[in-house]
Number of protein chains: 2
Amino acid sequence: MDTTIICPRFETAISLLSQRWTGLIIYQLLNGPQRFRHLTEVIGISGRLLSERLKSLEAAGVVTRKVYPETPVRIEYELTEKGFSLKPVMDAIQDWSQEWVEPVNAK
Amino acid sequence: MDTTIICPRFETAISLLSQRWTGLIIYQLLNGPQRFRHLTEVIGISGRLLSERLKSLEAAGVVTRKVYPETPVRIEYELTEKGFSLKPVMDAIQDWSQEWVEPVNAK
DNA sequence: CCCTTTAGTTACTTTATGTAACCAATTATA
DNA sequence: TATAATTGGTTACATAAAGTAACTAAAGGG
């Protein structure tokens with residue numbers, strides 16, 4: 001009998017990455033710290049969900065939130081070391097998409 | 001003004017991978033062709049969702065369905081070349097999880 | 001004061017997921 | 001000859017997550 005068990009760490013990792021938007025947020029933050037509003041515009045996510053995702057990414061130790069008390073207030077989100085170390089994952093997805101995903105395609 | 005645009009191929013790729021269960025299904029199928037029932041047991045997914053995911057993975061050209069008219073009928077799902085070429089992605093997630101995810105953790 | 005900007009939150013609708021019972025095909029068992 | 005068992009699903013319904021859009025708080029600027 002095949003009693004293969006999926007690695008629990010892998011499962012934890014993929015449950016993070018397979019949440020809608022989290023991959024795109026991390027991918028986008030690989031370009032450097034960015035503001036809330038900018039993220040909504042570039043990614044095409046609503047404030048409601050971006051807020052939720054950033055909180056859970058912060059809780060997961062992937063993202064940090066930095067407040068600059070300018071006017072109007074500037075808040076930047078950036079990847080932690082843990083977050084940056086997802087770059088090889090994003091690169092692998094990027095590579096695969098270049099080879100296997102046709103460019104056209106609307107939906 | 002920063003008019004960065006996220007690569008559409010990357011977006012397509014990640015919209016596939018960020019569907020719940022698809023990552024685990026692909027990861028599991030990297031071990032070779034497997035039957036429907038076996039997948040439900042190993043992954044812990046319901047028949048309803050597994051069926052739906054396998055159909056969309058087939059439509060995306062990542063998985064093929066093979067029917068062996070034995071008794072009871074044996075149907076095996078296996079990765080296509082496109083599917084197997086996601087191995088570097090899965091490996092990268094695996095590597096990251098080994099380094100950054102603590103093993104304990106229930107939910 | 002009123003307006004603008006940023007960074008969210010709230011309330012509500014729509015879509016996706018979870019759960020469990022059910023079905024058809026086929027062969028073994030009482 | 002029923003009856004049960006196994007596989008590969010599907011259906012119907014409940015719950016959770018995501019989408020939409022309006023709203024709020026804080027802090028200047030005019």
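So you know, we letter chains A, B, ... as the sequences are listed, proteins then strands, and number each from 1. Nothing here was measured: the structure is a model prediction, and the numbers come from that model.
Between Ile45(A) atom CD1 and dT20(D) atom C1' the separation is 13 Å, expressed in whole Å. Taking atom CD on Glu70(B) and atom C1' on dG8(D), their separation rounds to 14 Å, with Å as the unit. As rounded to whole Å, 17 Å separates atom P of dA17(D) from atom CD of Gln19(B). Residue Leu49(A) contributes atom CG, which lies 5 Å from atom P of dG19(D) at whole-angstrom precision. Lys66(B) has its NZ atom 16 Å from the P atom of dG8(D), to the nearest Å. What separates CZ of Phe36(A) from P of dA26(D) is a distance of 17 Å, to the nearest Å. Residue Leu50(A) contributes atom CG, which lies 13 Å from atom P of dA18(D) at whole-angstrom precision. In this structure, Arg74(A) places its CZ atom 16 Å from P of dA27(D), rounding to the nearest Å.
Mapped onto DNA chain C by nearest heavy atom, Arg20(A) and Glu76(A) fall at different nucleotides, with Glu76(A) at the one closer to the 5' end.
Considering only side-chain N and O atoms, Arg53(A) lies under 4.0 angstrom from the phosphate OP1 or OP2 of dA18(D). Contact between the side-chain N/O atoms of Tyr77(B) and the OP1/OP2 oxygens of dG9(D) is found at a separation under 4.0 Å. Contact check, Arg48(A) against dA18(D): no side-chain N or O comes under 4.0 Å of OP1 or OP2. Between Trp21(A) and the phosphate of dA17(D), there is no side-chain N or O to OP1/OP2 separation shorter than 4.0 Å. Phosphate contact (OP1/OP2 of dG8(C), side-chain N/O of Ser51(A), threshold under 4.0 Å): absent. For Arg65(A) and dG8(C), the shortest distance from a side-chain N or O to OP1 or OP2 is below 4.0 Å. The side chain of Lys55(B) places no N or O atom within less than 4.0 Å of a non-bridging phosphate oxygen (OP1 or OP2) of dG8(D). Between Arg37(B) and dG8(D), a side-chain N or O to OP1/OP2 separation shorter than 4.0 Å is absent.
Residue-environment remark: CD (Glu70(A)) exceeds the threshold of 12 foreign heavy atoms within 6.0 Å. By the neighbour-count criterion of 12 heavy atoms within 6.0 Å, atom NZ of Lys87(B) is sparsely surrounded, having that number or fewer from other residues, nucleotides or ligands.
The residue Thr71(A) sits close only to the backbone: its heavy atoms come under 4.0 Å of sugar-phosphate atoms, none of a base.
No hydrogens or angles considered: nothing links the side chains of Tyr77(B) and Glu58(B) as a donor-acceptor pair under 3.5 Å. For the 3.5 Å distance criterion, the side chains of Glu76(B) and Gln34(B) fail to qualify, holding no donor opposite an acceptor.
Proximity of a side-chain donor or acceptor of Thr80(B) to a complementary backbone N or O of Val62(B) within less than 3.5 Å is detected.
Nearest to the side chain of Pro72(B), among dG9(D), dA7(C), dT7(D), sits dT7(D).
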